[in-house]
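Report on one structure; see the data block that follows.
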Amino acid sequence: MDCTVFEAVESRVRYYCRRFPVIFTRASGEHLWDADGREYIDLFAGAGSLNYGHNHAHLKARLMAYLADDGIAHGLDMHTAAKGRFIEAFEAFAAARTRGKYRLMFPGPTGTNAVEAAIKLARKVTRRTAVGAFTNGFHGMTLGALAATGSTSKRRGAGIVLSGVDRYPYDGYFGPETDTIALIERYLQDPSSGFDVPAAFVVETVQGEGGLNVASTAWLRRLTALCRRWGILLIVDDIQAGCGRTGPFFSWEDAGIDPDIVCLSKSLSGFGLPLSMLMIREDIDQWQPGEHNGTFRGNNHAFVTAAAALELWDDPAFRANQEALTAQLDRWIDETVAALGSHGLAARGRGLMRGIATAGDEVADAICAEVFQRGVIVETSGPHGEVVKFMPPLTTRPDRLATALDHLSEAFASALATTPDTLPAMAG
Ligand SMILES: *Cc1c(COP(=O)(O)O)cnc(C)c1O
């Protein structure tokens with residue numbers, strides 16, 4: 001088999017396969033192999049869906065035992081033992097990490113389904129229409145979540161007017177001097193600013209697709225306080241930043257805030273199986289039975305692996321590896337930015353959700369293509385696709401990350417030597 005079958009038959013909408021034009025056959029941990037037997041180190045991790053790597057042995061063993069035992073595969077939203085075990089495990093896990101009391105809701109299995117449900121619930125509970133979303137935010141591709149997404153090219157794909165969302169400036173959007181929380185509050189105080197008090201703000205603590213922009217702890221706390229003052233719900237979209245990607249399991253844990261609704265998906269199943277979930281503060285869980293229904297709500301195979309994934313957080317070796325990788329990546333980014341400083345590089349992100357901003361998409365794409373030739377998978381992000389993104393599985397062996405970073409150093413040097421820096425200037 002070669003790539004012609006995909007090119008001839010599959011829709012033109014396909015995307016990632018164009019950037020990595022091989023046929024992948026097997027994967028384990030931080031490694032992927034293609035049909036020619038070539039090995040790749042995966043620093044993209046399914047856009048953050050594989051925080052525990054590919055086919056993690058502990059998760060796989062649980063799933064194989066469940067399958068062998070004819071465990072329920074599909075059950076609508078009926079009670080299943082797999083779901084019950086996950087809910088029990090998650091409740092105890094979350095209670096140890098958060099202050100709020102949350103109910104769990106399982107909408108359709110993808111991230112955008114969680115965002116849609118969160119926005120719909122916030123509108124219902126507050127009886128307001130407007131939702132506040134932030135510059136450079138990304139929340140998914142279905143119409144409600146798409147309206148909250150910043151990217152013009154993504155929103156244009158809707159083909160209709162997307163409404164009901166007001167855009168507010170994220171932390172640091174106008175540079176370090178501008179206090180964007182004060183600016184937002186000013187809008188809300190002025191009855192003719194043109195901004196209606198929103199039902200909710202939907203926010204990422206680190207903007208995954210928007211360029212690895214980080215909201216400070218102080219900003220998150222002030223946003224939370226502003227929400228409380230105005231009776232606005234705070235929805236944290238932790239779909240990409242959550243599940244340990246930025247450090248703690250919940251990206252907002254250390255900020256000491258209590259979101260009203262939390263959206264989780266990507267690495268929640270831990271195995272790359274589709275699963276998404278809302279954590280809803282108890283008093284705002286005002287759904288009527290069946291009011292937000294669907295066929296695939298809660299994926300039982302994913303419940304099995306998701307419960308097993310939570311157990312990894314009790315393993316000190318898992319946490320130690322995560323910390324070692326974080327320090328290793330941080331050091332390499334600092335060295336790279338310092339060594340190639342004349343090319344205008346800038347460090348981005350937090351934890352193992354990191355990136356380096358380059359002069360533009362031409363350079364960033366050249367780096368990705370170059371390093372793919374050397375057997376490393378990385379992707380770009382940012383409003384202009386100018387940020388090279390590094391998201392190794394949290395379980396990556398440090399010597400494999402070191403190998404990948406050596407290849408990246410070479411790719412940066414070679415791409416920067418051949419691609420002009422005189423691309424359109426990027427803000428921030
Ligand atoms: C990926 C992502 C989504 C959408 O998830 P899908 O599973 O692709 O629908 C929403 N929000 C954030 C922050 C994401 O990274």
Side-chain angles (χ1 to χ4, degrees), residues 13-17 44-51 105-120 122 131-151 153-155 157-158 162 165 167 170-171 200-215 220 234-246 249-252 259 261-279 294 296-299 302 306 348-355 379-383 385 387 389-391:
V13 77
R14 64 197 193 283
Y15 175 72
Y16 294 115
C17 54
F44 186 35
S49 303
L50 292 161
N51 284 1
M105 169 180 175
F106 303 100
T110 71
T112 200
N113 298 139
V115 174
E116 294 290 342
I119 291 175
K120 188 167 162 183
V131 166
F134 292 93
T135 49
N136 299 134
F138 180 84
H139 301 290
M141 293 281 184
T142 51
L143 296 181
L146 190 57
T149 291
S151 164
S153 64
K154 297 284 189 288
R155 276 184 297 104
L162 295 171
V165 172
R167 191 84 37 199
Y170 193 67
D171 191 14
F201 282 113
V202 52
V203 66
E204 298 161 89
T205 61
V206 179
Q207 296 184 316
E209 301 307 302
L212 290 311
N213 311 308
V214 179
L220 288 171
L234 179 66
I235 302 172
V236 174
D237 178 348
D238 225 11
I239 289 170
Q240 190 163 156
C243 303
R245 185 41 65 192
T246 67
F249 186 86
F250 301 108
S251 72
W252 42 273
I261 303 177
V262 180
C263 301
L264 290 168
S265 183
K266 290 204 164 88
S267 273
L268 180 61
S269 80
F271 204 67
L273 295 170
L275 177 67
S276 88
M277 181 170 84
L278 272 73
M279 298 165 66
F296 292 103
R297 288 180 306 123
N299 169 341
R348 293 281 182 85
R350 190 170 75 200
L352 288 174
M353 188 168 180
R354 298 299 309 269
E379 238 295 65
T380 58
S381 121
V387 181
K389 195 175 181 188
F390 315 112
M391 302 216 301

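Whatever order the structure lists them in is the order used to number ligands and atoms, beginning at 1.
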Q. Does even one non-hydrogen atom of Glu209 get within less than 4.0 Å of ligand 1?
A. no
Taking only heavy atoms of [X] into account, list the atoms of ligand 1 that are under 4.0 Å away from them.
{"X": "Thr110", "answer": "7 (O), 9 (O)"}
{"X": "Thr112", "answer": "4 (C), 5 (O), 6 (P), 9 (O)"}
{"X": "Glu204", "answer": "13 (C)"}

Q.
Keeping Ser269 on the side-chain end and Phe271 on the backbone end, is there a donor-acceptor pair under 3.5 Å?
A.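 Side chain of Ser269 to backbone of Phe271, a donor-acceptor pair under 3.5 Å: yes, one is there.
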Q: Kindly say whether Ala148 contributes a backbone atom to a donor-acceptor pair with the side chain of Arg167 at under 3.5 angstrom?
A: yes
Q: Check the pair Asn213 / Asp171 against side chain to side chain contact (heavy atoms under 4.5 Å, CB included), numbers first and verdict last.
A: CA-CA 8 Å; Asn213 311 308; Asp171 191 14; over 6 Å; no
**Q.** Verdict with supporting geometry, Gln240 and Met353, side chain to side chain contact (heavy atoms under 4.5 Å, CB included)
**A.** CA-CA 9 Å; Gln240 190 163 156; Met353 188 168 180; 3.8 Å; yes
Q) Does Gly111, backbone or side chain, put an N or O under 3.5 Å from an N or O of ligand 1? A) yes
Q: Go through the steps for Thr110 and Thr142 under the test side chain to side chain contact (heavy atoms under 4.5 Å, CB included), then give the verdict.
A: CA-CA 11 Å; Thr110 71; Thr142 51; over 6 Å; no
**Q.** Test applied, side chain to side chain contact (heavy atoms under 4.5 Å, CB included); reference residue, Asp238; option that passes from Val203, Val206, Thr246, Val262
**A.** Val262
Q) Looking at atom 9 (O) of ligand 1, is any protein heavy atom nearer than 4.0 Å to it? A) yes
Q. Among protein heavy atoms, which sits nearest to atom 2 (C) of ligand 1, and what does the distance come to when rounded to 0.1 Å?
A.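 That would be Lys266 NZ, 2.6 Å.
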Q | Residue and atom name of the nearest protein heavy atom (relative to atom 11 (N) of ligand 1), distance in Å to one decimal | A | Asp237 OD2, 2.7 Å
